[in-house]
Amino acid sequence: MMKAAADFIRQGTQWLHTASRFQGSRGDARGNTGLMVLYHKELEDQFSSKRFLIVLGLIFVTGLASVYSAASGIHAAVSKQGTDFVFLKLFTSSGASLPSFLTFIAFSGPIVGLALGFDAINGERSRGTLSRLMAQPIYRDAVINGKYLAGLTVIAIMVFSIGLIVGGLGIILIGVPPTAEELARILLFLVFTVVYMALWLAVSMLFSILFRHAATSALSVIAVWLFFVIFMQLVAGIVANALFPVSDSANYAAMIHNVNTQQALSRLSPSVLYSEAVGTILDPSARTLSSFLLTDQIQGAVAGALPFGQSVLLVWPHLIGLLALTVLCFAISYISFMRQEVRAG
């Protein structure tokens, strides 16, 4: 299955390469000087690298194992609980010994972006190819733009390929095809995943510009990833307890302030934004993003699943936040690279 998945991705890349080259031949040659050439070169380098195959294997094997483990429990519950949104449970249900597919992607998804970009610039510098590349008749910003677009293309192809394979495996395992609303929710989940990984790609490229050595940038981005994925929520809890202590004698106002502060600080982490958003999209029963509800807020609520449009209204600020962080990181990378001195040798 791994070989078939890799062949499928390579065929898609070859199609994109042919289409973009045909379009580039008809466009303004001066306006695209060097961009498409570098884009194609980076795509070929990424898909032929052992690093890509290792990351692809990690995502596919562990992800499919999570889905298979979840499907084994879902299949037994279909006859008892009905088939309402059962297909979405493939992504949110955890098995006996494995986390859910959603949890796995939220934790390991950044690794894909970090692996694709931590040596994007300093790797060229250490090999002595950056100065020779800049000596060619190409625009300077074509280098960073081409590398980021190639990484983004790799991420998009990988994510949607995994989505297709997981969907096909889910139909085989549980025997229930997805409805139109489920397909829309899964598609939005894949879009969120691409944006989430693209953010970490921008972060890793930023560190590859700021640090001259690939090992230093790799350790730095791993430290950032571990902080936001693991320790950010711990820090948010410590700060919230310091500002609004909660004890046995604390009133409801202090408890609400404590929870709201902890949730607001936790949302500074891209992983929390992503997990909350896709968790709401893949769970139609989720009606709020708040972790603290009062009794008067629950009273009068209509029982049942939330429509797709209403779920989108709940999570669109999270998507805007992830996009804004991605644009900010790439803008800092762009400015830093354009101002950086490139010396030969």
Side-chain angles (χ1 to χ4, degrees), residues 16 35 38-39 42-43 46 52 55 59 102 105-122 140-163 187-211 217-218 220-230 232-233 264-281 289 312 314-340:
L16 287 173
L35 177 59
L38 288 170
Y39 171 75
E42 289 297 321
L43 274 183
Q46 293 288 1
F52 167 76
V55 173
I59 297 295
L102 173 59
I105 292 296
F107 180 79
S108 62
I111 298 178
V112 178
L114 301 184
L116 294 177
F118 77 93
D119 62 345
I121 302 299
N122 53 23
R140 184 178 179 125
D141 60 351
V143 176
I144 187 171
N145 291 337
K147 287 180 176 291
Y148 185 79
L149 289 177
L152 182 59
T153 303
V154 171
I155 290 174
I157 294 175
M158 182 184 297
V159 168
F160 281 92
S161 299
I162 293 175
L187 179 61
L188 186 57
F189 160 65
L190 297 179
V191 171
F192 263 100
T193 304
V194 171
V195 175
Y196 178 57
M197 293 184 181
L199 168 60
W200 289 103
L201 173 63
V203 172
S204 62
M205 289 189 65
L206 173 60
F207 278 79
S208 74
I209 295 172
L210 298 179
F211 297 99
S217 63
S220 300
V221 295
I222 290 175
V224 172
W225 165 61
L226 289 176
F227 174 78
F228 282 110
V229 173
I230 298 177
M232 185 62 193
Q233 289 181 296
L265 293 176
S266 297
R267 285 175 178 171
L268 296 176
S269 169
S271 299
V272 173
L273 287 178
Y274 172 78
S275 299
E276 284 187 356
V278 297
T280 303
I281 289 296
L289 294 173
V312 173
L314 283 177
V315 303
W316 76 265
H318 291 63
L319 180 60
I320 298 300
L322 291 174
L323 286 173
L325 289 174
T326 304
V327 172
L328 177 62
C329 291
F330 182 75
I332 297 175
S333 303
Y334 182 92
I335 295 173
S336 300
F337 180 74
M338 296 298 289
R339 293 182 175 180
Q340 201 171 63

Tell me if a side-chain donor or acceptor on [X] pairs with a main-chain N or O of [Y] at a distance below 3.5 Å.
X: Arg140; Y: Arg339; value: no
X: Ser204; Y: Gly113; value: yes
X: Ser217; Y: Phe207; value: no
X: Gln340; Y: Ile209; value: yes

What are the two closest heavy atoms between [X] and [Y], and how far apart are they?
X: Leu199; Y: Pro270; value: CD2-CB, 3.5 Å
X: Leu319; Y: Val195; value: CD1-CG2, 4.2 Å
X: His318; Y: Phe192; value: C-CE2, 4.3 Å
X: Pro110; Y: Ile105; value: CD-O, 4.1 Å
X: Met232; Y: Leu265; value: CE-O, 3.1 Å
X: Val203; Y: Val221; value: O-CG1, 4.3 Å

For side-chain contact (heavy atoms from CB on, under 4.5 Å), just list the numbers for Ser208 and Asn122, CA-CA rounded to whole Å, side-chain angles, deciding distance to a tenth of an Å, and then say yes or no.
-> CA-CA 5 Å; Ser208 74; Asn122 53 23; 3.9 Å; yes
Stepwise side-chain contact (heavy atoms from CB on, under 4.5 Å) check, Leu190 with Ile162 | CA-CA 9 Å; Leu190 297 179; Ile162 293 175; over 6 Å; no
Reported [atom1]-to-[atom2] distance for the pair [X] and [Y], which is rounded to 0.5 angstrom:
X: Ile335; Y: Ile144; atom1: CD1; atom2: CD1; answer: 10.0 Å
X: Leu188; Y: Ile281; atom1: CG; atom2: CD1; answer: 4.5 Å
X: Leu38; Y: Leu43; atom1: CG; atom2: CG; answer: 11.0 Å
X: Ile155; Y: Leu201; atom1: CD1; atom2: CG; answer: 4.5 Å
X: Thr153; Y: Leu116; atom1: OG1; atom2: CG; answer: 11.0 Å
X: Phe211; Y: Phe118; atom1: CZ; atom2: CZ; answer: 14.0 Å

Who passes ring pair (Phe, Tyr, Trp, His ring centres under 6.0 Å) against [X], sequence neighbours left out?
X: Phe227; result: none
X: Tyr274; result: Tyr196
X: Phe189; result: Phe91

What pairs meet the salt bridge (Lys or Arg N to Asp or Glu O under 4.0 Å) rule with one or both residues in residues 271-281, with sequence neighbours excluded?
-> Arg267-Glu276
Contact check, side chains of Phe52 and Met158, non-hydrogen atoms, under 4.5 Å = yes
So do Val154 and Glu42 actually touch side chain to side chain, heavy atoms under 4.5 Å?
-> no
Listed partners of Ile111 passing side-chain contact (heavy atoms from CB on, under 4.5 Å), at least two apart = Ser108, Trp225
Enumerate the residue pairs fulfilling side-chain hydrogen bond (donor to acceptor under 3.5 Å, both in side chains) with a member in residues 322-338, sequence neighbours excluded, ordered by first and then second residue.
-> Asp141-Tyr334
